[in-house]
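Notes follow the structure.
Please read all numbers here as calculations on a predicted model, not as lab measurements.
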Amino acid sequence: MKECRYYKRLEDGLVECTLCPHHCRIAEGKTGICRSRRNQGGVLVSEVYGKPCLLAIDPIEKKPLYHFHPGTTCLSLACTGCNFRCLNCQNHDISQVSPSDVSHYELSPEDVVALCQKHHCPGIAYTYTEPLTYLEYIIDCARMAHEAGLWNILVTAGYVCQEPLADLLPYLDAANVDLKSFSDDIYHKVSGGHLQPVLDTILAIKQAGVWVEITNLVIPGVNDDMDMIRQMCCWLADNGLAEAPLHFSRFFPRYKMQDTPPTPIATLKAAKRVAEEEGIKHVYLGNVY
């Protein structure tokens, strides 16, 4: 286990994790919402440092990143854990479980870089679960990856505090941020979080000069209101993100939303028209073929 960088010791053996806006207050032997950061004797430790549960070689378009070195591949890496509780999670078998529930590899940051080079991938993508919950591991991998001339790609829901994010940004080359809706109420009901920290993350990534693309999964009856989608697109355009590719992705029944039907293609096309009307230059539809 690895001691976490972002926490405070409190009275009575409690610790407060300061990685994300949940600020979990964690008792001895317990974990925070992400299930991967544990209070061990008054020290907050990451139970997944150096223990990825999934490795794959993917086309970069799968992240999705359409305007960052298209046609290349990346080594995709994930550890268990997530600080959201999305009812529609498509990777719930690794994101909504404890580290002990899933088999894993033993890979130091040096091993990750060497594996990437062995398979001739120009970059590493931290993806599938919520990589920000194992930020210490990512930072160490990403630093060594840059030293080896490799790219670092973050695929994230963006729910993180600004200080930890600032420690990672110098090593990032590209990111795709999942902007789940433009409603704080929907964020709370569907994912167990809030909207503003995600917007802050998007702006921080852009301001750091990191290439950013946005994904919005359109769920029928949840976040498919065109007025709300218009508000989201206006915010993106008003904040200098009109050139950032926007991916409207089709929902399929998953996890705890099995009774919700797939997104009609017509809804995605309507969202695309709205985005283009509001000045978004590059709009793509995902999961439609």
Under 4.5 Å between any side-chain heavy atoms of [X] and [Y], yes or no?
{"X": "L169", "Y": "L172", "result": "yes"}
{"X": "P170", "Y": "H146", "result": "no"}
{"X": "L246", "Y": "H282", "result": "no"}
{"X": "V212", "Y": "V177", "result": "yes"}
{"X": "M228", "Y": "M232", "result": "no"}
{"X": "H23", "Y": "C17", "result": "no"}
{"X": "T260", "Y": "V222", "result": "no"}
{"X": "Q162", "Y": "T201", "result": "yes"}

Review point. side-chain contact (heavy atoms from CB on, under 4.5 Å) between K180 and V198: does it pass, once the steps are laid out?
Key: CA-CA 9 Å; K180 297 180 181 296; V198 180; over 6 Å; no
Can you name the closest pair of heavy atoms from [X] and [Y] and give their distance?
{"X": "A157", "Y": "E130", "value": "N-OE1, 2.8 Å"}
{"X": "N176", "Y": "P64", "value": "ND2-O, 2.7 Å"}
{"X": "A244", "Y": "I280", "value": "O-CG2, 4.2 Å"}
{"X": "L179", "Y": "N216", "value": "O-ND2, 2.9 Å"}
{"X": "T18", "Y": "C161", "value": "O-SG, 3.6 Å"}
{"X": "Q117", "Y": "L150", "value": "CG-CD1, 4.3 Å"}

Any donor-acceptor pair under 3.5 Å from [X] side chain to [Y] backbone:
{"X": "S98", "Y": "S100", "answer": "no"}
{"X": "R250", "Y": "V288", "answer": "no"}
{"X": "E278", "Y": "C233", "answer": "no"}
{"X": "R254", "Y": "H92", "answer": "no"}
{"X": "E61", "Y": "G71", "answer": "yes"}
{"X": "N239", "Y": "W235", "answer": "yes"}
{"X": "N152", "Y": "Y171", "answer": "yes"}
{"X": "S95", "Y": "T129", "answer": "no"}
{"X": "D184", "Y": "L195", "answer": "yes"}
{"X": "D58", "Y": "L75", "answer": "no"}

Review point. Checking side-chain contact (heavy atoms from CB on, under 4.5 Å) for the pair L285/K269: CA distance, chi angles, key distance, verdict?
Key: CA-CA 8 Å; L285 305 185; K269 290 181 176 178; 4.1 Å; yes
Quick check for you: to the nearest 0.5 Å, what is the distance between [X] atom [atom1] and [Y] atom [atom2]?
{"X": "C53", "Y": "L77", "atom1": "SG", "atom2": "CG", "answer": "8.5 Å"}
{"X": "C34", "Y": "Q96", "atom1": "SG", "atom2": "CD", "answer": "10.5 Å"}
{"X": "K51", "Y": "S36", "atom1": "NZ", "atom2": "OG", "answer": "11.5 Å"}
{"X": "N88", "Y": "S191", "atom1": "CG", "atom2": "OG", "answer": "6.5 Å"}
{"X": "H119", "Y": "C74", "atom1": "NE2", "atom2": "SG", "answer": "13.0 Å"}
{"X": "L132", "Y": "I138", "atom1": "CG", "atom2": "CD1", "answer": "6.0 Å"}

Review point. With clusters built from Ile, Leu, Val, Met, Phe, Trp and Tyr whose side-chain heavy atoms come within less than 4.5 Å, directly or transitively, what are the remaining members of the cluster of I26, listed by chain and number?
Key: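 Reading the cluster by chain and number, I26 sits alongside M1, Y7, V15, V43, L44, V45.
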Check your understanding: Under a single-linkage rule joining Ile, Leu, Val, Met, Phe, Trp and Tyr whose side-chain heavy atoms are separated by less than 4.5 Å, which residues share a cluster with W151?
Key ->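 So far as hydrophobic clustering goes, W151 is joined with I60, L65, F68, I153, V155, W211.
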Point to revise | Verdict with supporting geometry, D224 and T267, side chain to side chain donor-acceptor pair (under 3.5 Å) | key: CA-CA 7 Å; D224 58 347; T267 300; 5.2 Å; no
Following the transitive rule for hydrophobic clusters with a side-chain heavy-atom cut-off under 4.5 Å over Ile, Leu, Val, Met, Phe, Trp and Tyr, establish whether [X] and [Y] coincide in one cluster.
{"X": "I94", "Y": "L135", "result": "no"}
{"X": "L19", "Y": "L14", "result": "no"}
{"X": "Y6", "Y": "V160", "result": "yes"}
{"X": "F84", "Y": "Y128", "result": "no"}
{"X": "L55", "Y": "Y126", "result": "yes"}

Point to revise | Evaluation steps, side chain to side chain donor-acceptor pair (under 3.5 Å), between D140 and Y49 | key: CA-CA 10 Å; D140 290 348; Y49 185 100; 2.5 Å; yes
Point to revise | Full working for side-chain contact (heavy atoms from CB on, under 4.5 Å) between Y137 and C79 | key: CA-CA 10 Å; Y137 186 40; C79 298; 3.9 Å; yes
Practice item. Please lay out, stage by stage, how N39 and K30 fare under the test side-chain contact (heavy atoms from CB on, under 4.5 Å). Key: CA-CA 6 Å; N39 179 348; K30 303 297 184 180; 5.8 Å; no
Check your understanding: Stepwise, does the salt bridge (Lys or Arg N to Asp or Glu O under 4.0 Å) test hold for R37 with E136?
Key -> CA-CA 11 Å; R37 301 168 79 83; E136 293 85 1; 2.8 Å; yes
Quiz question: by atom type and distance under 3.5 Å, do the side chains of [X] and [Y] form a donor-acceptor pair?
{"X": "D200", "Y": "Q196", "result": "yes"}
{"X": "T133", "Y": "N83", "result": "no"}
{"X": "N287", "Y": "S249", "result": "yes"}
{"X": "K63", "Y": "S76", "result": "yes"}

Check your understanding: Centres of the Y284 and F248 rings: under 6.0 Å?
Key ->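 Ring centres of F248 and Y284 not closer than 6.0 Å.
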Point to revise | Stepwise side chain to side chain donor-acceptor pair (under 3.5 Å) check, E213 with H247 | key: CA-CA 8 Å; E213 303 192 17; H247 304 261; 2.7 Å; yes
Exercise for review: Starting from the C-alpha separation in whole Å, work towards a yes-or-no answer on salt bridge (Lys or Arg N to Asp or Glu O under 4.0 Å) for K272 and E276.
Suggested key: CA-CA 6 Å; K272 185 175 188 293; E276 291 172 342; 2.6 Å; yes
Exercise for review: Could you check H194 against Y159 for ring pair (Phe, Tyr, Trp, His ring centres under 6.0 Å), going step by step and ending with a plain yes or no?
Suggested key: CA-CA 8 Å; H194 295 282; Y159 206 60; 7.0 Å; no
Point to revise | Y255/N91 under side chain to side chain donor-acceptor pair (under 3.5 Å): CA gap, chis, key distance, verdict | key: CA-CA 9 Å; Y255 196 33; N91 291 320; over 6 Å; no
Review point. Where do R38 and E47 land on the salt bridge (Lys or Arg N to Asp or Glu O under 4.0 Å) test, with the steps shown first?
Key: CA-CA 7 Å; R38 181 181 299 276; E47 294 192 313; 2.6 Å; yes
